[in-house]
**Q** 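Right, I'll just put the structure down here and ask away after.
Lettering follows sequence order; numbering is per chain, from 1. Source: prediction; values computed, not measured.
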Amino acid sequence: DAGVIQSPRHEVTEMGQEVTLRCKPISGHDYLFWYRQTMMRGLELLIYFNNNVPIDDSGMPEDRFSAKMPNASFSTLKIQPSEPRDSAVYFCASSFRTGSNQPQHFGDGTRLSIL
Amino acid sequence: AQSVAQPEDQVNVAEGNPLTVKCTYSVSGNPYLFWYVQYPNRGLQFLLKYITGDNLVKGSYGFEAEFNKSQTSFHLKKPSALVSDSALYFCAVRESSYKLIFGSGTRLLVRP
């Protein structure tokens, strides 16, 4: 079965550029989560969606970050403009009916480097 | 607020020996606890969870975890470690119906 698919796997760009990360959740999953992983801060939840609707974006660091989920099979995380401190590994995860304590399934992440 | 602590940055064990990766938690109400593993350049993979019931929870790849309410701990264990178990392990607690709070992670190194 296909898992959570993220693209690109690696992204290197210069500061000030727009960055778009993409995620395809597992089919049938109704929750989607975006995380950021850094050595300093560990794993942080940025935002999550339920049935394509953003539920909690309190983890989004600032207005430069935005996320959308136009349909059940696609989500984007956008950074504009990007800064070196945004360098991190960004993970997307999905789950089915999280309220019933189903586990989250993670993609393999996008390693983002802002020069 | 819910939280988890993983007191060890790294655990070293010889192949074939038992391993324990420690996790303590702080919650209000019933704890919902999880263990995930992360291999290099990969996302987190679910290992096991405790919701209610037996204090010994069995999971993937021969791992198990022991829930101890009095000590507020949820330690991950395996009777016989493999070199391939070397990875980063995360304990997590559910903060609400939807959010997981992850520990800082423990690197497990199994030497041949």
**Q** Answer yes if the ring centres of B:Tyr25 and B:Tyr50 are under 6.0 angstrom apart, and no otherwise.
**A** no
**Q** Can B:Glu64 and B:Lys58 be counted as an ion pair, charged N to O under 4.0 angstrom?
**A** yes
**Q** What part of A:Gln37 gets closer than 4.5 Å to chain B, counting heavy atoms only: side chain, backbone, both or neither?
**A** side chain
**Q** Go through the side-chain N and O atoms of B:Asn12 and B:Gln10 and say whether any donor and acceptor fall under 3.5 Å apart.
**A** yes
**Q** Pick one of side chain, backbone, both or neither for A:Thr110, based on which atoms fall under 4.5 Å of a heavy atom in chain B.
**A** neither
**Q** Does one side chain, of A:Tyr48 or A:Gln104, offer a donor that lies under 3.5 Å from an acceptor on the other?
**A** no
**Q** Top residue by heavy-atom pair count (under 4.5 Å) with chain B, among A:Ala93, A:Gly59, A:Gly42, A:Pro103?
**A** A:Pro103
**Q** Identify which part of A:Asp56 has an atom lying under 4.5 Å from any heavy atom of chain B, answering side chain, backbone, both or neither.
**A** side chain
**Q** Select one option (side chain, backbone, both, neither) describing which atoms of B:Gln45 are under 4.5 Å from chain A's heavy atoms.
**A** neither
**Q** Using non-hydrogen atoms only, which part of A:Arg9 is less than 4.5 Å away from chain B: side chain, backbone, both, or neither?
**A** side chain
**Q** Under the criterion ring pair (Phe, Tyr, Trp, His ring centres under 6.0 Å), which of B:Tyr36, B:Phe63, B:Tyr61, B:Tyr39 is the partner of B:Tyr89?
**A** B:Phe63
